[in-house]
Amino acid sequence: MSQKKDPYNVCDLAPACDTSGDIKIVMLPMRDGIKLQTIVYFPVNVKKKAPAVFIRTPYTRTTELLYPYNEAHKRGIITIYQACRGTGWSEGVFAPANPDNEKNDAEDTFLWLKSQPWYNGRCVMLGASYPGWVQWCAMETGDHLVATAPQVAPLYSCQGSAAPGGAVRFSFTLCWVLTMHHRRKYGYGNIPDYEGMGLLSKLPVIDADKNALYPELPVFRKFFLAARTPAKLLENVAEKFKKYTCPAYISGGWFDPFCGETILSFMLMKSSAATEKARNFTRLVIGPWGHGGLLNPEVFGKDCDYRNLTKWRHNYLFGLLKNPEKDPLPEEPAVRYYMLCENKWYESETWPPAGTKERKFYLHSNGSANTLYGDGILSETPPLQEEPDVYLSNPNAPVLSNNGKHASLGCHDRSDIEKRSDVLVYTSPVLAEPVTVAGEVKLRFSAKVSTPDTDFAATLSWVTPDGKSMLITTGMLRARFRDINKEELLTPGKIYDFEISLGHTAVKFTPGCAIRLALCGQHFPMYDRNANSGKTILEDTQLFISRHTIYHDTKHPAELILPCL
């Protein structure tokens with residue numbers, strides 16, 4: 001097998017300069033008898049009773065210990081690292097599709113912690129990616145925490161592969177779950193290059209474990225199969241926020257695949273959390289970042305990194321450890337967000353910001369919007385009688401996300417993709433005035449297709465004066481899940497109404513630039529390829545071409561809806 005650098009050690013937990021002090025390693029028994037590797041670091045300046053920073057993570061190695069958390073160590077605060085079950089030296093099976101494990105394990109650890117003579121009763125959690133998600137699980141356990149700080153944290157995407165539009169988060173699921181299996185079984189070395197092995201193109205999708213030369217993996221398959229019931233994951237999340245009693249410092253990036261979940265977690269905390277403190281003290285920071293930080297220094301500047309974010313988060317967490325009843329950042333807004341293209345930070349007390357109003361840009365053409373050289377136009381003028389646009393969606397030669405790679409390219413030029421005849425492109429005239437967008441972008445349109453199921457992928461781009469089409473945000477809809485609460489196939493040849501969420505963003509389209517929408521049938525490998533067969537998803541062994549007819553006339557207006565300031 002070919003090998004590559006392990007891409008999943010996503011955490012901004014800096015090593016401590018001073019590692020002096022005592023270490024206590026406990027194999028802590030959980031309610032079901034499974035023992036979890038739990039490492040407690042006591043700095044030399046720790047008081048007789050001290051608060052704790054608690055980090056639960058599956059990203060501990062089997063051959064070395066992690067450093068204590070630097071900022072806590074310097075302040076005389078105890079650091080606790082716990083390897084999630086089935087990782088590091090912890091016993092059990094790593095099963096991310098079972099969130100009850102993470103909730104129960106956190107609760108059992110809190111109960112143990114309360115019994116320790118060195119603990120003063122105040123605890124915070126932090127961590128990025130999966131260690132961010134387990135904080136949401138831990139918050140279900142009651143009032144054990146004074147604060148959390150989930151960073152680039154999934155809400156439902158660590159429980160399964162379902163995406164909000166009903167498509168499958170394909171490359172993430174395949175690469176991450178197989179990587180975690182390999183780590184558990186064989187260690188952190190020699191992680192296979194699953195892309196290089198061609199796994200992303202092999203069918204059926206559900207057999208990716210066996211195609212990677214592993215045995216059939218029940219955990220992998222359960223994670224994938226959650227995509228067949230996307231509403232379950234989405235519905236369960238909202239109810240959990242009604243139990244949360246502590247505030248959260250939430251952070252993420254516009255180009256993180258979990259950006260929508262970052263935004264949603266903030267909105268649910270503000271509207272649904274169980275205590276006034278949790279609602280009022282919660283903060284959101286969202287910048288021009290991907291899952292692991294800044295992806296595009298050539299666009300946003302190399303200094304636009306996590307440095308200020310880390311400082312604000314420290315002040316937040318350690319302030320609440322000192323006084324849980326006092327807002328630790330009284331001068332900071334509820335929301336601090338980065339405006340793309342303008343490259344400037346803004347403040348708001350809500351998301352979307354107050355004063356945001358929907359502005360409709362209609363899709364137009366004379367029936368030839370195919371490619372960026374076609375006649376597709378975006379304008380605020382409603383359509384009259386216009387010919388529909390037609391393209392063939394061929395999953396055997398899919399339209400690519402991120403140039404066909406698993407790793408995100410962030411804000412990158414998609415002009416080459418837009419030269420394909422199976423991509424419809426609608427571009428506004430060059431702007432004379434700025435158009436400022438902040439909130440959730442949507443596309444509403446009517447279409448008929450020749451198959452019982454298919455996908456629609458929409459991408460919003462910023463067209464620069466030199467002709468580059470820079471990706472801003474994208475969204476996906478699987479037709480059978482157009483009503484997310486039920487699965488219903490299409491009648492070929494019948495016209496249906498669809499709505500795609502392109503997710504949340506903040507972007508100022510400046511004079512001299514243009515706004516562009518691209519519409520096609522795939523966004524691979526970020527999402528799986530719809531076989532267009534209407535059969536059980538993930539099990540198809542053949543892929544079929546679907547003919548898409550997109551309407552934009554008086555009876556069927558097609559609308560790009562931008563939340564504008």
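Values in this document were obtained by computation on a predicted structure and should not be read as measured data.
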Who passes side chain to side chain donor-acceptor pair (under 3.5 Å) against Arg482, sequence neighbours left out?
none

Test item: side-chain donor near acceptor, Arg169 and Ser161, under 3.5 Å:
no

Matching residue for Leu378 among Thr427, Leu562, Ile515 - test: side-chain contact (heavy atoms from CB on, under 4.5 Å)
Ile515

Taking the six-membered ring of Phe94 as reference, does the cationic atom of Arg184 (NZ for Lys, CZ for Arg) lie under 6.0 Å from its centre and within 45° of its axis?
no

Whether Tyr214 and His181 hold their rings parallel, tilted or perpendicular, with breakpoints at 30° and 60°
perpendicular

Under 3.5 Å, which donor-acceptor pairs do the side chains of residues 216-223 form with other protein atoms, sequence neighbours left out?
residue, atom, partner, partner atom, Å
Arg221, NE, Asp209, OD2, 2.8
Arg221, NH2, Ile206, O, 3.3
Arg221, NH2, Asp207, OD1, 2.9
Arg221, NH2, Asp209, OD1, 2.9

Of all residues at least two apart in sequence or in a different chain, which pass the side chain to side chain donor-acceptor pair (under 3.5 Å) check with Asp455?
Arg478, Asn530

From Ser171 atom OG to Leu200 atom CG, the distance as rounded to the nearest 0.5 Å
6.5 Å

Those residues that, when tested against Glu559, pass salt bridge (Lys or Arg N to Asp or Glu O under 4.0 Å) (two or more places apart):
Lys360

Suppose we screen for side chain to side chain donor-acceptor pair (under 3.5 Å). Which residues come up paired with Lys210, at least two apart in sequence or across chains?
none

Which donor-acceptor pairs under 3.5 Å do side chains of residues 506-513 form with protein atoms, sequence neighbours excluded?
residue, atom, partner, partner atom, Å
Lys508, NZ, Glu342, OE2, 3.4

What do you reckon, are the aromatic ring centroids of Phe498 and Phe456 less than 6.0 Å apart?
yes

